[in-house]
Amino acid sequence: MEMEIDDTPKPKGEETKGKPIVVILVGAPGSGKSTFCEQVMASSTRPWVRICQDTIGNGKSGTKSQCLKSAASALNDGKSVFIDRCNLDREQRAEFVKLGNPNVDVHAIVLDLPAKLCISRSVKRTGHEGNLQGGKAAAVVNRMLQKKEFPKLSEGFTRITFCQNESDVQAAHNTYSALGPLDTLPNGSFGQKNPDAKIQLGIMRFLKKVEVPANTVSDANSIQSSVSHKNTEEKEPSYKGHDNISSFSGNASKELKEGENLAVCSSGDITKLYSEGGLRCNVIANAANWRLKPGGGGVNAAIFNAAGPALEVATKEQAQSLHPGKAVVVPLPSTSPLFSREGVTHVIHVLGPNMNQHRPNFLNNDYIKGCQILREAYTSLFEGFASIIRTQGKLAKVSNENLDSNPSGAQEVIEGANTKHSPNNDQKSKREHEHDYDRSKKCKGSQDEIGADIPESKIGKVDKNNDKIDGSMTKAWGSWAQALHKIAMHPQTHKDVVLEISDDVVVLNDLYPKARRHLLVLARSEGLDRLSDVSKDHLQLLKTMHNVGLKWVEKFLQEDASLIFRLGYHSVPSMRQLHLHVISQDFDSKNLKNKKHWNSFNTAFFLDSVDVLEEVSSHGKATLRDDESLLSMELRCHRCRSAHPNIPRLKSHISNCQAPFPPSLLQNSRLVLAPCNAGIDP
DNA sequence: GTTCTAGAAC
DNA sequence: GTTCTAGAAC
């Protein structure tokens with residue numbers, strides 16, 4: 001991280017004697033504390049003493065009180081001291097901080113380097129290379145890092161410098177090395193990434209032109225930026241540069257009325273704007289996480305904490321998750337303390353670009369895309385705010401029609417919110433408050449889309465042997481993809497796997513079943529390779545396939561009435577020859593191994609047979625979801641929709657999850673279950 | 001579709 | 001070190 005710090009030592013000519021400093025190093029073993037001290041001491045003209053707990057006992061490990069004593073004595077001699085011990089939690093630091101007084105400044109240097117680096121260094125240093133020792137070192141470092149508490153100015157430090165990488169360390173080294181006996185350094189907290197959210201730092205890093213605020217004051221009560229429309233500039237939005245990160249402008253702001261405030265705080269306590277700042281803010285924006293869950297530290301945690309459980313419930317009513325660039329408006333129930341105490345009527349959750357490489361929409365340093373998403377995020381936010389104003393303007397007008405006019409717009413908003421908090425209105429307004437605006441059309445023409453190479457296999461190139469020319473995007477089937485086609489054409493020669501043969505269909509168990517029961521019903525028509533080949537002429541065949549599937553389901557349900565089935569097609573199958581999947585919804589199978597397996601049955605990629613029948617019947621073809629990204633989407637439970645980080649965890653979850661299926665699956669006979677269970681919520 | 005495996009993540 | 005994913009080959 002870049003540190004924009006005014007580190008020029010400030011000589012104080014009037015003083016004849018400089019102030020000694022206590023510099024408390026904060027960092028895990030292997031973070032480079034000792035090296036830092038030694039290097040500074042080697043080049044500094046200031047007298048330094050390094051107090052190292054590891055060696056203070058005649059070269060051996062000593063105690064904290066020995067360190068304190070030594071430090072006090074060095075300070076008395078007018079020397080500055082480095083406290084070279086881990087000091088990772090507040091309690092560990094407290095007594096060293098007390099060494100400070102009006103004539104002795106206390107600084108912290110936080111060496112917050114990657115755990116991996118600390119571990120490898122500590123392993124090398126002790127000469128215990130090898131698995132066991134390495135593992136132990138890792139365990140020790142990890143344990144320490146889990147408990148770490150970053151220092152805050154409120155602990156009594158006059159200056160804190162955060163270093164997250166080698167160049168930060170080098171910068172800090174330069175600063176302290178250049179510090180002569182009479183020099184002092186500016187007070188404050190420097191170089192800390194926003195402790196609230198990794199995402200925000202990610203954005204800062206991503207926007208290389210952006211200067212990370214050098215002075216990130218850690219004081220929890222400070223409001224770093226609270227913006228009302230009165231302060232916004234009437235200029236066109238441009239979210240590329242640093243001046244746009246915390247400034248808010250755009251058309252939406254023009255719609256705002258006097259006295260209606262939207263607060264967007266990048267950090268600090270946005271939850272006490274009224275009680276501590278006297279600022280009436282009816283709507284607050286939250287830099288949410290994609291799951292729209294509490295926690296994660298920082299603004300998101302603060303808002304959810306302050307709003308109480310009511311916000312979580314209200315949020316879930318609006319949306320389960322959020323895509324980057326989107327916003328969702330959540331009316332805050334009047335039971336929430338944030339409503340009653342602060343007058344906040346709405347929280348707008350908004351999600352910026354995803355900097356987490358483990359998520360499918362990882363930004364991956366795509367600057368242009370990042371700018372688009374940021375623009376979209378701000379637009380969604382303001383659209384959401386504007387919709388609140390519009391809705392409440394009407395409501396307030398109605399409710400205040402016969403009342404004295406109220407000069408305070410903010411008050412109007414609060415009253416309007418009160419009137420609308422009847423359950424019916426909440427339900428009714430649900431849709432109005434969703435702001436998942438898809439602005440992708442506007443982004444068309446961006447470099448990443450125009451410049452994208454289309455793989456040859458995606459263009460209408462055709463393998464004469466096994467594909468036909470239809471002008472659409474088709475691909476050649478690999479040799480491995482022919483198995484079902486061969487079986488459909490010559491079922492008699494595959495009697496070992498085939499369960500049923502008719503003129504129209506062949507039924508077989510999936511060779512690699514993804515659930516306890518997983519059948520394939522193959523169409524026997526030559527040339528009917530997949531759903532995109534289907535036309536109205538095939539409607540009867542599709543019905544036959546569906547009915548054959550249902551017949552087998554019935555059989556399976558007689559054997560095990562607890563099973564629940566779904567019948568459907570993959571939008572883009574891997575195997576040639578149109579085949580209907582008949583699959584039980586336990587997904588209890590060792591063959592279900594990866595994301596693609598899961599998502600091919602549990603996203604829009606899977607098209608329910610009933611829907612296909614309806615579409616082919618009415619439009620003559622099925623609407624395919626030919627979108628590769630569906631297969632790499634995050635892993636979500638098909639029942640409760642919870643997200644899981646990997647397949648093993650997902651499988652462990654689904655083996656226990658008894659939540660009812662989502663409403664969409666409960667409709668239109670998409671799920672098939674035993675008649676005796678039909679009345680029970682599956 | 002699966003298998004294999006490099007390398008990332010933990 | 002083990003677990004897990006994702007891409008290549010088939």
Side-chain angles (χ1 to χ4, degrees), chain A residues 28 113-120 122-124 128-146 198 202 354-362 364-365 453 455-458 463 465-467 475-488 494 497 506 508-515 518-522 529-531 568-583 587 589-602 605-606 628-636 643-654:
Chain A
L113 285 102
K116 217 179 199 172
L117 180 66
C118 300
I119 292 165
S120 70
S122 45
V123 169
K124 279 177 190 159
H128 291 310
E129 288 196 71
N131 301 336
L132 187 61
Q133 288 81 0
K136 273 184 184 171
V140 168
V141 172
N142 277 329
R143 206 179 315 126
M144 293 180 88
L145 287 177
Q146 273 168 18
K198 286 168 188 163
N354 169 36
M355 311 304 287
N356 178 353
Q357 59 178 317
H358 305 311
R359 299 253 306 128
N361 46 20
F362 176 41
N364 199 10
N365 286 325
D453 287 330
E456 200 175 271
S457 61
K458 282 271 184 185
D463 180 337
N465 294 323
N466 56 23
D467 214 336
K475 66 176 180 190
W477 300 102
S479 58
W480 47 265
Q482 304 289 347
L484 296 180
H485 179 253
K486 286 179 186 162
I487 293 171
H494 296 88
V497 291
V506 171
L508 70 156
N509 278 313
D510 193 301
L511 185 57
Y512 298 93
K514 302 299 184 293
H518 185 182
L519 284 185
L520 301 178
V521 180
L522 304 185
D529 290 343
R530 56 194 143 200
L531 214 45
Y569 300 86
H570 284 157
S571 282
V572 184
S574 298
M575 304 291 280
R576 182 184 180 194
Q577 197 64 23
L578 182 69
H579 54 280
L580 172 71
H581 289 270
V582 177
I583 185 164
F587 295 105
S589 164
K590 63 178 180 16
N591 296 307
L592 200 160
K593 293 175 176 171
N594 59 46
K595 202 172 241 188
K596 189 176 175 181
H597 291 154
W598 178 259
N599 284 333
S600 70
F601 290 103
N602 292 290
F605 189 86
F606 188 83
E628 290 283 311
S629 67
L630 286 170
L631 297 176
S632 54
M633 272 169 60
E634 71 267 25
L635 298 166
R636 284 189 174 274
H644 299 270
N646 55 46
I647 289 289
R649 297 267 285 273
L650 172 76
K651 290 178 85 169
S652 155
H653 169 83
I654 60 172

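Residue numbers start from 1 in every chain, and the chains themselves are labelled A, B, ... in the order their sequence lines are given, proteins ahead of strands.
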- Query: Heavy-atom distance under 4.5 Å between the side chains of A:Asn602 and A:Phe587, does that happen here?
  - Reply: yes
Identify each atom pair where a protein N or O and an N or O of nucleotides 7-10 of chain C are less than 3.5 Å apart, giving names and distance.
from: C:dC10; atom 1: N3; to: A:Trp480; atom 2: NE1; distance (Å): 3.3
from: C:dC10; atom 1: N4; to: A:Trp480; atom 2: NE1; distance (Å): 3.1

To the nearest angstrom, the CD-C1' distance between A:Gln482 and B:dG1 comes to 12 Å
Nearest heavy-atom contact between A:Ile647 and A:Leu592 is CG2-O, 4.1 Å
A:Leu520 atom CG is separated from B:dG1 atom P, nearest whole Å, by 9 Å
Is there side-chain contact between A:Gln577 and A:Asp529, with at least one heavy-atom pair below 4.5 Å?
yes
Indicate, with a heavy-atom threshold strictly under 4.0 Å, whether A:His570 touches base, sugar-phosphate, or nothing.
sugar-phosphate
A:Ser632 meets the side chain to side chain donor-acceptor pair (under 3.5 Å) criterion, sequence neighbours left out, with none
Rounded to whole Å, the CG-P distance (A:Asn509 to B:dG1) equals 16 Å
Atom CH2 of A:Trp598 and atom P of B:dG1 are separated, to the nearest Å, by 16 Å
Hits for side chain to side chain contact (heavy atoms under 4.5 Å, CB included) against A:Ser600, two or more places apart or cross-chain, chain-then-number order -> A:His570, A:Phe605, A:Leu631
Residues at least two apart in sequence or cross-chain that pass ring-ring contact (aromatic ring centres under 6.0 Å, His included) with A:Phe606, listed by chain then number, are A:Phe601
Sorted by chain and residue number, the side chain to side chain contact (heavy atoms under 4.5 Å, CB included) partners of A:Ser574 (sequence neighbours excluded) come out as A:Trp480, A:Lys596
Side-chain heavy atoms of A:Leu630 within contact of A:Asn599, under 4.5 Å
no
Between CG of A:Asp529 and P of B:dG1 the distance, given in whole Å, is 14 Å
Distances for protein N/O vs nucleotides 3-6 of chain C N/O pairs under 3.5 angstrom?
from: C:dT5; atom 1: OP1; to: A:Ile647; atom 2: N; distance (Å): 2.9

inquiry  = If the cut-off is 4.0 Å, is A:His597 near the phosphate of B:dG1, judged by side-chain N/O to OP1 or OP2?
reply    = no
